[in-house]
Amino acid sequence: MELSELIETSKVDHVLLSRPFLQPVKGTLCVTSHHLLLSSRAGDKEELWLLIRNIDAIEKRLAGSSGIITIKCKDLCVMSLEIPGMEECLNIAKSIEALSSLETTSHMYPFFYRPKQLNLLEGWDLFTPEEQFTKLSIHTDNWRLSYVNKEFAVCTTYPDAVIVHKCIDDAAIKTVAGFRQGGRFPVFSYYHKKTKMVIMRSSQPLTGANGKRCKEDEQFLAAVLQPDKKGFIIDTRSIQAAHQAKVKGGGFESKTNYHNWKRLHRPIERGRVLQESLIKLIDACNDQSNSIDRWLSKLETSKWLTHLKTVLTIACMAAQCVDREGASVLIHGSEGRDTTLQLTSLAQIILDPDCRTISGFQALIEREWLQAGHPFQIRCASSAYSHAKLKQEAPIFLIFLDCCWQMSCQFPCSFQFNEQFLITLFEHAYASCFGTFLCNNEKERFTLNVKEQTISIWARMNSPSEQKQYVNPLYERNNFTIWPSVAPQSLQLWQGLFLRWIRTPEHQNEAWEQIKHIIELSRRKANPSSTELSVLKEDYAAN
Amino acid sequence: MQRERWQLQHQEHPSIERIKSDTGTAPARGQEHRLPSGISNCIVGTLGFFRERMEYIRTPKIENVRLLDRVSSKKASVGSLYLTATHLIFVEHLSESRKETWILHSQICAVEKQATTATGCPLLIRCKNFQVIQFIISQERDCHDIYISLIRLSRPVKYEELYCFSFNPKQEKNERERGWNLTDLEAEYNRMGVPNSLWQVSHVNRDYGVCDTYPAELYVPKSASTPVIVGSSKFRSRGRFPVLCYFCQDNNGAICRSSQPLSGFSARCLEDEQMLQAIRMSNPGSDFLYVVDTRPKLNAMANRAAGKGYENEDNYSNIKFHFIGIENIHVMRNSLQKLLDVCELRSPAMSDFLWGLESSGWLKHIKAIMDAGIFIAKAVAEEAASVLVHCSDGWDRTAQVCSIAGLLLDPFYRTLKGFMVLIEKDWVSFGHKFNHRIQEKTNSLWPHLMKNQIDYKNPLYRKDHSQTQGVLRPHTTPSNFRFWRNMYNRFEKGMHPRQSVTEFLMAVKEETQQLEEELEVLEEKLARLDQSHLRDRREAIKLPHNLESTTDQCLTNTPQDYTDNGKPFTSCSSSQADENSETTILIHNMKHSDTDLSGNSDQESGVADLSCRSPSGGDFLSSEDSSKNLSEYPEEIAFAVA
């Protein structure tokens, strides 16, 4: 099928575009396979260059002889097009609806995006399990790199190389994989140098209603712990939910069979509840007619901040187990692809200063989200506006980004990246011209040749001109563990994201410009002068 | 010595040894414990005053008092409690730093003695600066003594009992006078361009005869004669007739303030009507005058029954009358109390907090005041109109609204000095003539703030900036109003950001300046030595080291309580000394470990057991179970190690 077949009307003149913070502009609207363009032909640039994939919902209404299309984007922006002529309006709307609901991955824009400055190979090898393993082997030889999942034979949602404990051979891994949902056997996630303890992740064990056991699974987990050491299993479901899972063949690690593992049930919301929470939150943010009471009530009802607090609290607890209690941790929920990854990645940000750098954070996203098999494509299929029936959408990744932002507010000098960096990742997770967040796991990416035929977002974000805008001017490497406050007073609405199209950012930007200015001035002064000074002092002393 | 910096008077603290010679009744005299090192500072006032105050002190010192940490009930520091004529002082025993907590008696707003428990008698002290302190005193009698003393000491009967009368930072008399002159209101009106052809200074209130809550010098329209002023004052609550509060030189727009008119249902006053007309005429560019009543309409109407009320548009020519519903002090006080109750909740859920914030109504009141200020600023800046603002007495809501409007309109008020002037002008001077009498005997706050201005400066402030030049137009959609954590939870250090951007930037700025100065000096020397070739040598970039220190300091933080049920996570209680935390827990929980094994070990005892147990069997699915699970954690560690 040619995408162009979906376009009913490709060009309309005299369309009036209204967007937040900008003057309305009249111009020619074009619909292409992947973009919505509007040009007034006044300058040499188009006024609008909108990726159709970014459109979450459209609403159309007729006003006299013209029609108005309201476009609600996944990046939360809302804009409107006033199109002269009813028929044109309906055609345009129909085309947008058809193009934006495309589900065939290989038809998506990243496969066609070929900017001059970037090449296809760049950025894809930014992080590899091999590299991670090399780094790990400096500190411990208890782990090995296994290619048991070559060609994704054992687990379809794991990468082809994973780090596992050296005590378990590939044959045993296959058995263990059979005992874990989706074949997601326990794998290495993070090594904490200070205490020599690790964080691992997996999916739930398939004990089922009959309490099935798996000797290899038990032996493997037992071997991970040093003699007389206790480990913690953090189950992201409530104890009730975990019990109920047994009926469906799932389950949890029983105390008798996993002696030294202490299970902690810390329920985290997932799925539909979260998606609805996001929808309610955005609805509250966009309703400007609210009174304070109504706003606070809506904010509360959305439960967004409650979900944040829960996730951050449990991530802190996981980090605390490793750092303060000197215990290893295994994290899983049911599938181990959502809440599990929130916890493993946030715990690493708390514990590991490397994860708070730009490249370290990218590596974290690569290994704990992309390679770990977070189903980006289905979770981010729609954002807060979509009228489509909810399928498996859930802002799992957005909650993670929000938690990162909350921490960066409490430790404003400890993160090398700024708010814009996190917002950019949010945008691209939902709609992107880059291939990074396409598909749901490495196997799908491999099948579609994503890494050969699309451009990695890291290639763009790491280009020197681009990277500048993501750098936090206040950054100073901080080698400590960062323990955020999770008190309600300490968590706040991420205004920079959720109110980004409502509140003009100019004052905030001015403040950041001034911060940059102060720091640049100091560096400029400090660099030549401190050296000059030391030289001068020396010479002066010598004389 | 580390000390809470809440009490700014205590920046200097001479040696404690002098106490004994200064007063004969120094607390804890002859005891082997050292006294807090600032005590002498508060005992240098008049002896008579102290003797009188000392009579209320039944027990000057109590040993073995525990100061509870409000975030984590397990953390408590043990120390001694001293009661002096002016302060309650807690000195921690164990720590090397002998950390001190000072509470000024007049800062205390409530003392609560709670029911005695096995550990002692709890004494809860709520301060006006939002600090809440809980002591546990082992002897009930001691607790009672302190309680009775504090009740009396915290409620001074006479002004002279206030600490500010005895506080003596050993300043020269003229230095003190200069302090009071820092905020010279005459100079401030001159800065606004007053007096001028439209406005003049009036001495009608020279002896506070016309209005005893107004300052002596007042600025009124040139066309308002003394009879008009006096007549108007008789028609206004407490004689607070309309006077100039802010004048905009660019467009002659003026903000005036007064109290409510005594209009009742139908009373009129020709002079008052003339007074308003005079204000309107003092702004030749505008043919009307806004009259803003900051009360809710209902309140204003209720006042009419008491012979007070608001201006009738029919009687005053060319006024535009507006109500802006800001609630009265009683509503505000209740709202603040509710807000503080929310702030005091122990580890509340997010919903509890947001719900409490909403039902306190606090942000709603803040928004109402902001909206009123914005309305007035807009009227002046955009319509070049003049505005008369009043509420009932015209000293609470009127002061709030006028000063907000001033702050939005005039960049000067956004400077450190300007803000002081604004407070002095809109709040202090229009409240009490009392001010003039106490100048002789007390010190002004402003010079103190000026002296320490580095602590109060915003590093991002730019005088030349577009934002600071013009009128501020803040966003007032509800989502822009946020709970001010750093104010209302000021003393909950654990809730605040662990790194301060302000401190960081101030350090950078200071460093930059130092380098600049040093460089200048050395360059001069260099020129003299003629060794300019050395400039080519470059070394590695070195960071200003005071940056490093600020960062390090704030980063040695510890985990919070991350368990949901309020029971602290084991390592929390041991603060920094984690290495020992496991053993501590072990000892602490040893006796429970047996019950743990049988009682709450997941209800799992074997494969068979699991297989036949249906999810509905037993009570282990009850909701308590999962929460019980949370609390097990410490015990489980004990079990593991054992």
Side-chain angles (χ1 to χ4, degrees), chain A residues 210-211 213 230 238-240 243-244 254-256 262-263 265 285 288 290 292-293 295-297 299-300 305-306 309 313 316-317 320 324 410-413 474 476 478 480 483 485-490 499 503 511 514 518-519 521-522 525-527 529-536 539-540 543, chain B residues 348 350-351 353-355 357-358 363-364 367 460 475 477-479 485 489 494-495 497-499 501 504-505 508-509 511-512 515-516 518-519 522 525-526 531 534-535 537-539 541-542 544 551 555 557-560 562 569 571 578 601-602 604 606-607 610-611 615 621 625-626 629 636 640:
Chain A
N210 298 321
R213 292 177 61 170
K230 189 95 178 157
S238 68
I239 192 158
Q240 294 94 326
H243 275 281
Q244 275 153 19
S254 72
K255 185 156 197 80
T256 357
K262 164 67 193 155
R263 224 174 60 244
H265 287 275
C285 291
Q288 292 295 288
N290 282 330
I292 291 256
D293 286 356
W295 156 249
L296 286 173
S297 153
L299 181 64
E300 195 273 310
L305 293 172
T306 302
K309 179 169 156 55
T313 306
C316 288
M317 198 198 69
Q320 214 174 340
R324 300 283 161 140
Q410 297 189 26
F411 297 88
C413 309
L474 300 168
E476 293 273 307
N478 162 14
F480 291 93
W483 299 109
S485 162
V486 294
Q489 288 96 321
S490 309
L499 301 177
R503 201 187 54 171
Q514 186 60 13
I518 291 171
I519 290 170
L521 194 72
S522 129
K525 285 260 154 48
N527 293 351
S529 59
S530 69
T531 44
E532 254 176 77
L533 279 181
S534 54
V535 171
L536 284 175
D539 292 331
Y540 201 70
N543 283 300
Chain B
M350 187 53 90
S351 301
F353 176 73
L354 288 176
W355 189 84
L357 184 62
E358 182 198 332
L363 293 181
K364 193 169 65 186
K367 179 169 156 56
L460 300 181
H475 300 281
T477 46
S479 50
R485 174 189 57 215
N489 277 120
M495 282 180 191
R498 309 301 213 272
Q499 293 175 314
V501 174
F504 183 94
L505 291 175
V508 170
K509 277 185 126 172
E511 186 79 20
T512 310
L515 283 168
E516 225 166 282
E518 213 174 326
L519 188 67
L522 282 164
K525 291 177 180 172
L526 183 79
Q531 290 185 320
L534 283 169
R535 284 177 199 234
R537 280 158 58 175
R538 289 277 183 269
E539 278 172 38
I541 298 157
K542 214 179 146 239
T551 333
L555 282 174
N557 69 60
T558 49
Q560 263 198 345
Y562 296 123
F569 206 58
S571 49
D578 327 278
S601 57
D602 292 4
E604 292 172 3
V607 189
L610 266 178
S611 58
L621 279 180
D625 229 300
S626 54
N629 227 312
E636 281 301 322

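So that the names make sense, note that chain A is the first sequence line, chain B the second, and so on, each numbered from 1.
- Under the side-chain contact (heavy atoms from CB on, under 4.5 Å) criterion, Glu358(B) pairs with Asp293(A), Leu296(A), Ser297(A), not counting sequence neighbours.
- Here Thr512(B) is the residue among Leu357(B), Thr512(B), Thr477(B) with the most heavy-atom pairs under 4.5 Å with chain A.
- Applying the side-chain contact (heavy atoms from CB on, under 4.5 Å) criterion to Ser490(A), with sequence neighbours excluded, gives Gln410(A), Ser485(A), Ala487(A), Arg485(B), Met495(B).
- Atoms CD and CG, on Gln499(B) and Asn478(A) in that order, are 5.5 Å from each other to the nearest 0.5 Å.
- Residue contact with chain B, scored on non-hydrogen atoms closer than 4.5 Å, involves the backbone and the side chain of Ile518(A) alike.
- Scanning both residues, Arg324(A) and Trp483(A), for their nearest heavy atoms gives NH2-NE1, 3.3 Å.
- Residue contact with chain A, scored on non-hydrogen atoms closer than 4.5 Å, involves the side chain of Lys367(B) exclusively.
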